[in-house]
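In each ligand, atom 1 is the first atom listed, and ligand 1 is the first ligand listed. Computed from a prediction, not measured in an experiment: that's the story for all the values here.
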Amino acid sequence: MTEHRSPDTKFRTSLLEENEGPATNPTDNRTMGEIIAARFSRRGFLKGSLAVSAIAATVSPLALVAADDARAADGSVFKFDELEAGIDDKHHVAPGYDADVLLRWGDPLFADSPEFDPTKQSAAAQARQFGYNNDYVGYIPIDGSAEHGLLVVNHEYTNSHLMFPGIVKVVDKDGKKALETAPLSKDQVDVEMAAHGGTIIEIRKVSGKWQVVRDGKLNRRITATTEMQLSGPVAGHDRVKTNADPAGTKVFGTINNCAGGVTPWGTYVMSEENIHGYFSGELPEGHKEAANYKRLGIPEGAYEWAAHYDRFDLAKEPNEPNRFGWIVEVDVDDPTSAPKKRTAMGRFKHEGAESIVAKDGRVAFYLGDDERFDYVYKFVTTGTFNPNDLAANRDLLDAGTLHVAKFDDDGTVDWLPIVFGQGPLTAENGFAGQADVLIETRRAADLLGATKMDRPEDIQPNAVNGKVYVMLTNNTKRKAEQVNAANPRADNAFGHIIEIAEDGGDFAGTKGKWEVLLKCGDPSVAEVGATFSTATTANGWFGMPDNCAVDSAGRLWVATDGQGPKATGRTDGLWAVDTEGAARATSKLFFRVPIGAEMCGPLFAPDDQTAFVAVQHPGDGGEDWAPFGRPSYYEDLSTRWPDFKPDMPVRPAVVAITKQGGGKIAV
Ligand code: FEO
Ligand code: CA
Ligand code: CA
């Protein structure tokens, strides 16, 4: 998610995720972003695909010849003709592929769902329709099929200025045009709450094209008001008790569900990420949660929910934020089941929860905490996975050991257990038990001396090559004196990717080796220090890795968040990244999003014949998208993707990419 808005506007722009970390260090030095912006403006930006030519011209002709030669010989495992990078109002996929819109915001999900009408939105309608800002996409086969299954999709957040008419108004301010925003009505807040959460929807491939099954028995919407259970060590603790839930076991809703995962036993896990934005108000003077909330940036007050619901107001319900920031597990086989917030997996700004079964049957979940200078985690279940009785795995996530990563400069990674009573996690430091440790996971990790990272996002174990890939989006706040081997660039505007090999191939273990797979950014600008292979073309490099996927052949695909005219001269998209042999660190562009969007998903069907991608917050973005964009809002959108109808707003959507004529992707 890239959410950031100042308190006096409803614009949640989508450039760089600007969550204020606790260790922000303003500097007078010229930032890498400024260097790049100056470079692009010197060249004079051209519209659309012409922009690509402007970038390509910065790579020496010799380098391009060398690139083409190397590509033919370097043994890349990806076979497709690369797409041209650029910026316009549409999506684009590599030649020879179809990219079909499968599910748009507002699409009906049930036989009785109303058709989408943006002028007649209601919470009741939205709760029966596809939600906003699709992020994580997972696929759970039905009867083992790669062409019939449940698609599970997170709806991370809402952009009210893109969703609702009449929110943004053009006014005259001292003789100049300015934009003002109106407060949301309670009905609009209710629509926002119903547009959050997740969707579980049956889909089927018919004659090579995916279709939604509207009367699927397992179809379900989960929202910010769905009743769920707190489970694990924090359930029933005093710090999660509220007026509405004096027992501390029942929570209404999940919010800001970013990436996620599907467990080996076929449940859907949703990560609660930027929870701070939903809370407003002030804690009572001297309240015991003050330091806890400060470490998470609570309250930010980006949403107006507290104006209508007391539970989002810290003054009225001071414990409510402790009930968010968890991993939520959903039993997709029972649409009436209460999702469970699995507190053993820690509380922070959870990005994703991808998992793998270790040699001894325990299951490891890799977890990122998406904030500048925050941490990489791994949760290892106490129990072992039972492949013969999936129901026997029902509560595996309630008991296990959460670890945090310490990346040493010598290339080892130590997974430090976050366990009450061990090391500094004691009463002297204010922890009375494991529940306290989990509620304040970040503080526990601080005390353990974990390595402060450049915004850990999606982390993907690869069952084919045994490695684990860690996406680190960027961190322009890192100063030269804060550089370490695992975060090697000061003013890291473009992010990097770390590859971990657990010792002995044991995903449940506590030691491994790591190396940097890739430092991102434009490799033709020496100051950037990017490390793409020389075979990578002017279209093939990217910045800001965020989500990722590994296909069944073990090939890595990286989705980005935060590119644009000023940052990289291209929209976000999906890149294929070689990890093995001479082609290692070669990257090729496969799909790109329309203006203003971020690339989420991605996910490959089990037969590798479909790539599902989620186009999040298309048409968002403000001045930074000039000259291509402008402040974009319902009445004056930078794109009306994907419908391109004058009476339809821009709509986040999931896209299914297939090869024309069938077959595996990029083979
Ligand atoms: Fe929601 Fe970290 O992206
Ligand atoms: Ca993101
Ligand atoms: Ca993300």
Side-chain angles (χ1 to χ4, degrees), residues 1-5 12-21 131-138 153-159 195-198 254-261 269-278 296-297 300 302-303 324-328 348-354 366-377 442 453-460 469-476 492 495-497 520 542-549 557-563 572-575 593 597-603 612-618 620 652 654:
M1 160 189 182
T2 48
E3 172 184 321
H4 178 62
R5 65 174 180 172
R12 293 168 194 162
T13 64
S14 306
L15 300 170
L16 301 173
E17 193 156 8
E18 293 291 348
N19 295 325
E20 289 304 316
Y132 207 77
N133 272 346
N134 30 224
D135 196 306
Y136 175 75
V137 178
V153 183
N154 284 352
H155 301 296
E156 190 183 22
Y157 71 108
T158 46
N159 296 100
H196 276 68
T254 182
I255 49 176
N256 215 270
N257 304 95
C258 192
V269 279
M270 314 164 74
S271 306
E272 295 185 327
E273 194 195 34
N274 289 306
I275 59 167
H276 57 300
Y278 300 83
L296 285 158
E300 186 194 46
Y303 286 78
F324 294 88
W326 304 105
I327 295 288
V328 183
F348 43 88
K349 294 182 184 175
H350 277 285
E351 170 73 24
E354 297 284 7
Y366 289 88
L367 311 166
D369 183 354
D370 182 7
E371 187 124 32
R372 292 176 295 217
F373 301 109
D374 263 289
Y375 305 126
V376 167
Y377 296 86
R442 281 184 169 185
M453 309 299 288
D454 289 344
R455 289 189 54 202
E457 297 250 24
D458 208 359
I459 306 174
Q460 186 73 49
Y469 293 92
V470 183
M471 305 297 119
L472 297 154
T473 293
N474 56 23
N475 182 358
T476 53
N492 180 8
H496 57 289
I497 299 173
C520 306
F542 59 83
M544 298 81 159
D546 182 336
N547 296 317
C548 63
W557 299 78
V558 175
T560 64
D561 169 19
Q563 303 196 73
D572 285 319
L574 182 64
W575 275 263
V593 298
E598 160 183 353
M599 181 86 282
C600 296
L603 185 274
F612 294 102
V613 292
V615 176
Q616 194 189 65
H617 60 72
D620 196 10
V654 171

With no hydrogens and no angle check, just 3.5 Å: does a side-chain donor-acceptor pair link Ser271 and Glu351?
no
Any side-chain donor-acceptor pair under 3.5 Å between Asn256 and Tyr278?
yes
Tell me, please, if Glu351 has any N/O/S atom, main chain or side chain, under 2.8 Å from atom 2 (Fe) of ligand 1?
yes
Parallel, tilted or perpendicular: which describes the rings of Phe542 and Trp575, with under 30° parallel and over 60° perpendicular?
tilted
Quick check for you: with atom 1 (Fe) of ligand 1 as the vertex, what angle do OE2 of Glu156 and SG of Cys258 span, to 10°?
90°
Can you tell me if an N/O/S atom from Asp546 lies under 3.0 Å from the Ca ion (ligand 3)?
yes
Regarding Glu273, does it place an N, O or S atom less than 2.8 Å from atom 1 (Fe) of ligand 1?
yes
Out of the N/O/S atoms in Glu457, what is the name of the one closest to atom 2 (Fe) of ligand 1?
OE1
Minimum heavy-atom separation for Arg372 and Asn474, please, with both atom names.
CG-O, 4.2 Å
Just by distance, no angles: are the side chains of Gln616 and Asp135 close enough, under 3.5 Å, to form a donor-acceptor pair?
yes
I'd like to know: is the Ca ion (ligand 3) within the 3.0 Å range of an N/O/S atom from Glu351, strictly under that distance?
yes
For Phe348, run the side chain to side chain contact (heavy atoms under 4.5 Å, CB included) check against Leu367, Asp374, Asp370, Ile275 and tell me which one passes.
Leu367
Would you mind naming the N, O or S atom of Asp370 nearest to atom 2 (Fe) of ligand 1?
OD2
